[in-house]
**Student:** 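Let me give you the structure first, and then I'll get to my questions.
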Amino acid sequence: MIAPGAASTLRHQLIGLGGVIERNWYLVKRYALWEITFFLWTAANTLTIVFIAKGVEATGGRVDVNRLTTILLIGAVIWSYLGIVFEILVETVAWERWEGTIEYTFMAPLSRPVHLIGMGIFAVLYGIVRAAVVFAAIAAFFGLHMPNANFLSALILIGIASVSFIGIGMMTAVLPLISPEKGTQFGYIGQGLMLVVSGVYYPVSVLPEFMEWIARISPATYALRGIRAAILDGAGPAAVWGDIWPLILIGVLSIPLGLAVFRRGERYAKQHGKLKRSG
Amino acid sequence: MLEPALVTRPAAPRALDGVPAVEVVDLRKEFLRRDKKRDGRFARRRRHAALKGVSLTMQRGETVAILGQNGSGKSTLVRLLSTLLLHDGGSATIFGHDVFVEAGAVRRLVNRVSVEASFFKKMSAVENLGYAARFYGMSPKETRRLIPQILDRVGFPAERSGDAMEGLSRGMQQKVALARALLTSPVLLLLDEPTTGLDPRSKKEVQEFIREIRTTHDSTILLCTHDLDEAESLADRVGILHAGALLVLDEPAELKWRYDAPTLEAAFFAATGKQLEDEGDDDEDRGVFA
Ligand SMILES: Nc1ncnc2c1ncn2[C@@H]1O[C@H](COP(=O)(O)OP(=O)(O)OP(=O)(O)O)[C@@H](O)[C@H]1O
Ligand SMILES: [Mg+2]
């Protein structure tokens, strides 16, 4: 049935990778209404944050409203982007357990790294599209001026940062394997903590010193700082190199770490019979 | 305590090639379980054996049925062979590949149908089969051709192949589950109560189809079931699993002869009844009847 040889194995794994993305796409199509609901929810959430700039001005504060609004918008959009990526990765296990397909996926010859990376690639593509739509909609709503914005730099930064986000997402994906009931919630705690220390709406320098230390190993710190520079000041890819190289470094470390953590979790689940739902 | 009553007789030399399809030796699996104390409080977690040293050999092309009450360890055996559980002792090989060491090689050879037809409920049969086949390396070009063929063979109406799974009856879902398992041409098919909960007609259809696979595919089948007639009519050999131990594994006629029973049902009760008495003490002290 299946010919031996590395080339054929590689081909099968690539087909499997396509299968992961294909399945997620079917789900997006089937839950199309849900997508609209979710968009409205994200947009409303983003608005509550972004209005703060106008609020500060109205209560007598003296700020550059356009600039602060843009900073808040960047923070809110990155927050929701990270939420999407983590949610999809956490649900690698949680959703399939709920549907009951988890055992079929885990007994297939698709290798786990390919499976998880496929989930990550889908999460990033889908997340970038959704984040871009929210960003554009809210920017238009406020009539924001971004005359210098270098969107290419911003996209490069988010793309490279996403490698680390996928790696960290894999680590959170393992939680529902260990705790079927509460695992998913822990994934969201991770997202919140990461953004707090990374200066989501403010520069990291306002944080207490111990948090600043944690910020240094958080990929979101560099992504947020670089994207602000790109959109507010029009920094090109070369100008944000100082934020790109830490992202590459963290990305290169976090993927193998994420895979290793997941592999341990999977072993634990297979040892203690935590994969199954019933039967 | 149970003795490892292994009365397995070596199977007839029917092998198509040297290696047996399945070779399980002294396979053991334990789970941690919180037992209830007699006063109703929960005790510490204790290791509870789900399989207590099971050995069996299956030849290529053979169909073996495993009978056993709820909780006897049937699904645990199937999960171990599917690489979904790690063992606590003994060994298992499938066509010469160690299940716990060469999981990747084993996964290509095996597929499974379980009690529950597990699918993404909002997705259609074709979509569910499509992505699942992709995980086995089958390209969209292959599945576009094969999925309609296989759905037709299991008797799934073509006009419903685009409907969401949640709108299909249990019987139809189970047919799609069979189609999913066969699509990847497994050489070992693990069927874990494939007909439990189906109405008589659906049950007959699924059984008929299993019979067809036996004759048309190069498949070795392990069938776990509660249905004695099903076991007798589909399997070459029947095993009785009781409280994690395989009591016997033999041809149905041999089983009846051994227990001096007119039917397989009588043989099953004779085999497991004896064991129940032996086990009485153990159950009492555990406070549950597994
Ligand atoms: N994941 C698990 N965690 C804890 N205990 C388990 C797990 N899976 C099985 N067991 C225990 O192992 C024993 C055997 O269970 P198994 O599911 O293999 O039985 P079965 O023969 O398939 O039963 P049924 O006919 O009800 O499907 C039972 O006592 C069960 O409680
Ligand atoms: Mg079972």
**Student:** Minimum heavy-atom separation for Ile217(A) to Ile250(A), with atom names?
**Tutor:** O-CD1, 3.8 Å
**Student:** Tell me, for Leu32(B) versus chain A, whether the close heavy atoms (under 4.5 Å) come from the side chain, the backbone, both or neither.
**Tutor:** side chain
**Student:** Would you name the heavy atoms of Leu247(A) and Ser164(A) that are closest together and state the gap between them?
**Tutor:** O-OG, 3.7 Å
**Student:** Name the option with the most non-hydrogen atom pairs under 4.5 Å to chain B; the candidates are Ala108(A), Gly19(A), Gly16(A), Gly118(A).
**Tutor:** Ala108(A)
**Student:** Heavy-atom count around Trp25(A) CH2 within 6.0 Å, excluding the residue itself: above 12?
**Tutor:** no
**Student:** May I ask you to name which of Lys74(B), Met138(B), Arg134(B) has the most heavy-atom pairs under 4.5 Å with chain A?
**Tutor:** Arg134(B)
**Student:** So, for Val252(A) and Pro256(A), which heavy atoms are closest and what is the spacing to 0.1 Å?
**Tutor:** O-CD, 3.0 Å
**Student:** Need one label for Ala164(B): side chain, backbone, both or neither, based on atoms under 4.5 Å from any heavy atom in chain A.
**Tutor:** both
**Student:** Heavy-atom cut-off 4.5 Å, strictly under: side chain, backbone, both or neither for Arg11(A) against chain B?
**Tutor:** side chain
**Student:** Under 4.5 Å, counting heavy-atom pairs only, tell me which of Lys29(A), Glu96(A), Gln271(A), Gln13(A) racks up the most with chain B.
**Tutor:** Gln271(A)
**Student:** Between Glu22(A) and chain B, which part of the residue has a heavy atom less than 4.5 Å away: side chain, backbone, both or neither?
**Tutor:** side chain
**Student:** Quick one: which residues of residues 30-42 of chain A reach chain B at under 4.5 angstrom, heavy atoms only?
**Tutor:** Arg30(A), Tyr31(A)
**Student:** Provide the closest heavy-atom pair for Met123(B) versus Tyr131(B) in the form atom of the first, atom of the second, distance.
**Tutor:** CE-CD2, 3.6 Å
**Student:** Answer with side chain, backbone, both or neither: which region of Asp88(B) has an atom nearer than 4.5 Å to a non-hydrogen atom of chain A?
**Tutor:** side chain
**Student:** Check the orientation of His115(A) and Phe106(A). Use parallel for under 30°, tilted for 30 to 60°, and perpendicular for over 60°.
**Tutor:** perpendicular
**Student:** Using the side chain to side chain donor-acceptor pair (under 3.5 Å) criterion, which residues pair with Ser124(B)? Sequence neighbours excluded.
**Tutor:** none
**Student:** Between Phe31(B) and Lys29(B), is there a cation-pi geometry (under 6.0 Å to ring centre, at most 45° from the normal)?
**Tutor:** yes
**Student:** For each of Val187(B), Thr196(B), Leu86(B), Asn111(B), tally heavy-atom pairs with chain A at distances under 4.5 Å, and name the one with the top tally.
**Tutor:** Leu86(B)
**Student:** Sort and list the pairs that fulfil salt bridge (Lys or Arg N to Asp or Glu O under 4.0 Å) and have at least one residue in residues 248-265 of chain A, not counting sequence neighbours.
**Tutor:** none
**Student:** So which bits of residues 172-180 of chain B come within less than 4.5 Å of chain A, counting non-hydrogen atoms only?
**Tutor:** Arg180(B)
**Student:** For the side-chain contact (heavy atoms from CB on, under 4.5 Å) test, which of Thr225(B), Leu222(B), Val206(B), Ile210(B) pairs with Leu191(B)?
**Tutor:** Ile210(B)
**Student:** Does the cation-pi check pass for Arg112(B) over Tyr104(A), that is, NZ or CZ under 6.0 Å from the six-membered ring centre and within 45° of its axis?
**Tutor:** yes
**Student:** For the residue pair Phe165(A) and Phe86(A), does the interplanar ring angle fall in the parallel (under 30°), tilted (30 to 60°) or perpendicular (over 60°) class?
**Tutor:** perpendicular
**Student:** So does Glu230(B) pair up with Lys203(B), basic N to acidic O under 4.0 Å?
**Tutor:** no
**Student:** Does any heavy atom of chain B fall under 4.5 Å from the side chain of Val20(A), the backbone, both, or neither of them?
**Tutor:** both
**Student:** Looking at Arg112(A), I want to see if its CZ is surrounded by more than 12 non-hydrogen atoms of other residues, nucleotides or ligands under 6.0 Å.
**Tutor:** yes
